Colleague: 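The structure is given below, and queries will be raised subsequently.
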Amino acid sequence: MKKTRVRFAPSPTGFMHIGNFRTALYDYLFARKTGGDFVLKIEDTDRKRFVEGAVESLISSLDFLGLNWDEGVFKKDIASEFENGKIVDSKNYPGIIEAGEHGPYIQSEKLEVYKKHAEQLVKDGHAYYCFCEPARLEEMRKEQQAQKLPPIYDQYCLRNVTPEEVNKKLKENCPYTIRMKISKDETIEFEDMVRGKVKFNTNLVDDQVLLKSDGFPTYHLANVVDDHDMKITHVIRGEEWLSSVPKHLLLYRYLGWEPPQFAHLPLLLNLDRSKLSKRQGDVAVEDYIKKGYLKEAIINFVAMLGWNPGKGETQEIFTLEELVEKFDFAHVHKGGAVFDIKKLDWINAQWIKKIPLDDLYEKALPYYEKFLQRLPSPVRSTGHPLPVTGEEGKKEYLKKVLTVERERLTKLSEVGESNIFFFKDEVSCEKDLLRWKDMSDEDLRGSLANSREVLENIPEGDWTRENLEKSLMEACEKHYKNEDGKIDRGKLLWPLRAALTCEQKSPSPFEVAWVLGKTESLKRIAIAMEKIK
Ligand code: GLU
């Protein structure tokens with residue numbers, strides 16, 4: 001069997017759209033699953049939509065998300081990994097290299113190649129020069145609209161301009177385009193890997209411009225030429241390109257090349273089933289990265305926009321490796337895939353719980369730094385808002401906070417927010433918040449004294465969540481068991497938790513006391529006891 005070769009072919013028109021990333025991800029999964037090659041090429045022939053820096057940012061996003069590719073366009077710093085392949089500096093993008101045997105991998109760098117093919121198509125009678133001016137085309141379109149006809153070129157130049165006239169106009173340097181001559185009255189049929197058999201009648205297919213008057217090819221010509229040059233076996237892309245396939249298949253036929261297989265991925269939809277758009281939320285992968293979604297979660301979520309592991313499978317959390325193992329086109333849906341941010345939040349929350357603490361800490365630290373900067377001053381008397389000193393102390397403390405917070409976080413940008421009491425110099429609250437149900441002041445003081453005794457008796461070295469929980473639970477049993485044998489834990493745990501946090505809601509007192517440490521916990525209990533004198 002021929003080696004699978006797939007390509008991701010983004011246009012540098014801005015940040016990477018979630019839909020584009022899904023294409024890249026399915027490319028990657030399919031290439032890795034089949035032991036094939038994954039190629040990154042750049043489709044930059046649309047100069048009007050070109051955005052400076054977009055190529056670099058596309059590469060960075062793919063890099064960040066960990067989808068490595070084998071060939072094509074890279075940033076310079078990885079050049080050493082390609083000792084055996086051909087590497088050239090990109091002509092048009094400083095800092096970018098192209099590695100592989102099938103380049104150039106950037107369309108603006110192979111204009112001559114496309115032009116040569118366009119001219120060959122003219123010679124072979126599959127394309128023709130068109131000298132129609134924009135005004136005439138506009139007029140034609142309006143008329144077609146008025147008569148409710150499909151908006152396709154009326155073949156004026158094919159029918160009315162003689163070969164002699166063409167030569168004359170070319171000599172006179174008249175602006176021209178080259179159009180494809182679509183054979184009419186034909187049904188083009190192909191098997192899409194997602195959609196099954198697809199048919200198009202060529203009478204509805206426009207005589208597509210292949211070469212524009214500025215000498216640049218259109219997407220259609222460049223795309224087909226590249227995929228052939230790069231020996232691409234499977235073209236995987238969004239559904240919006242489905243209607244281009246008949247043009248592409250005719251080009252393959254006219255050029256005498258074997259076409260690849262096609263897979264057109266379902267549209268991405270907003271919750272209301274309209275096409276996914278910026279108006280209803282962020283659509284750039286970068287936006288999600290910035291907000292503190294983990295790459296593992298983004299990959300997991302995006303993989304499931306249009307794919308599932310099959311009937312009866314309940315697994316929803318997948319590593320990239322698991323996705324490679326499970327992915328197949330049989331389980332890619334035809335129907336639109338709804339982008340549900342709640343699902344992304346849930347998947348992210350699972351991944352925040354799942355990845356190793358050290359790894360999570362590295363990722364969370366920038367968000368803690370920002371959070372600490374947002375905290376109102378004055379900060380603690382120690383000079384920073386943590387009950388510890390030094391960089392190591394800070395790291396250790398934040399890791400503990402994270403250990404507790406990760407169980408409840410949706411995204412990293414939320415760190416600190418719901419647990420501000422970990423970062424306060426003084427917590428001081430109303431007496432009533434400390435009170436459990438209708439406890440008297442005396443009972444309340446007694447309860448805090450009981451907690452104080454428990455905590456005082458745990459040596460610093462044994463200050464673990466488990467020990468705190470065990471000792472406090474034993475104290476509940478000792479002090480707050482009713483005649484009927486029921487233990488009212490709230491009598492001990494509520495006042496303690498409230499004294500430590502001064503919040504209605506927070507993680508358990510075991511977790512909070514563990515993070516705060518012995519000294520700070522006892523200090524907060526003492527402050528609370530002052531209140532009930
Ligand atoms: N440049 C196109 C895009 O960004 C790629 C289409 C294709 O894969 O053929 O959507």
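Order of appearance sets the numbers: ligands from 1, and atoms from 1 within every ligand. Worth knowing before you read on, the calculation uses all heavy atoms, side chains too, and leaves out hydrogens, waters and symmetry mates. The structure displayed is predicted, hence computed values, not measured ones.
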Colleague: My understanding is that we take every heavy atom of each candidate and find the minimum distance to atom 7 (C) of ligand 1. Doing that for Arg237, Met16, Glu240, which one comes out nearest?
Modeller: Arg237
Colleague: Among residues at least two apart in sequence or on other chains, which ones pass ring-ring contact (aromatic ring centres under 6.0 Å, His included) with Tyr114?
Modeller: none
Colleague: Please list, in number order, the atoms of ligand 1 under 4.0 Å from a heavy atom of Asn223.
Modeller: 7 (C), 9 (O)
Colleague: Among all residues two or more places apart in sequence or in another chain, which pass the ring-ring contact (aromatic ring centres under 6.0 Å, His included) test with Trp241?
Modeller: Tyr219
Colleague: Indicate the ring-plane relationship of Phe329 and Phe327, choosing parallel, tilted or perpendicular according to the 30° and 60° boundaries.
Modeller: perpendicular
Colleague: Please list, in number order, the atoms of ligand 1 under 4.0 Å from a heavy atom of Glu43.
Modeller: 1 (N), 2 (C), 5 (C)
Colleague: For ligand 1, which atoms, with element, lie under 4.0 Å from some heavy atom of Tyr219?
Modeller: 6 (C), 7 (C), 9 (O)
Colleague: How close does the nearest protein non-hydrogen atom get to atom 10 (O) of ligand 1, and which residue and atom is it?
Modeller: Trp241 NE1, 3.2 Å
Colleague: Here's one to test your reading of the geometry: is the NZ or CZ of Arg179 within 45 degrees of the ring axis of Tyr129 and under 6.0 Å from its centre?
Modeller: no
Colleague: Measuring centre to centre across the rings, with the benzene-like ring taken for any Trp, is Phe371 within less than 6.0 Å of Phe423?
Modeller: yes
Colleague: Can you tell me which residue and heavy atom of the protein come closest to atom 5 (C) of ligand 1, and the distance to 0.1 Å?
Modeller: Ala9 O, 3.3 Å
Colleague: Is the shortest distance from a heavy atom of Arg7 to ligand 1 less than 4.0 Å?
Modeller: yes
Colleague: Can you find an N/O atom of Ser11 closer than 3.5 Å to an N/O atom of ligand 1?
Modeller: yes
Colleague: So do the side chains of Phe38 and Arg5 get within less than 4.5 Å of each other, counting heavy atoms only?
Modeller: no
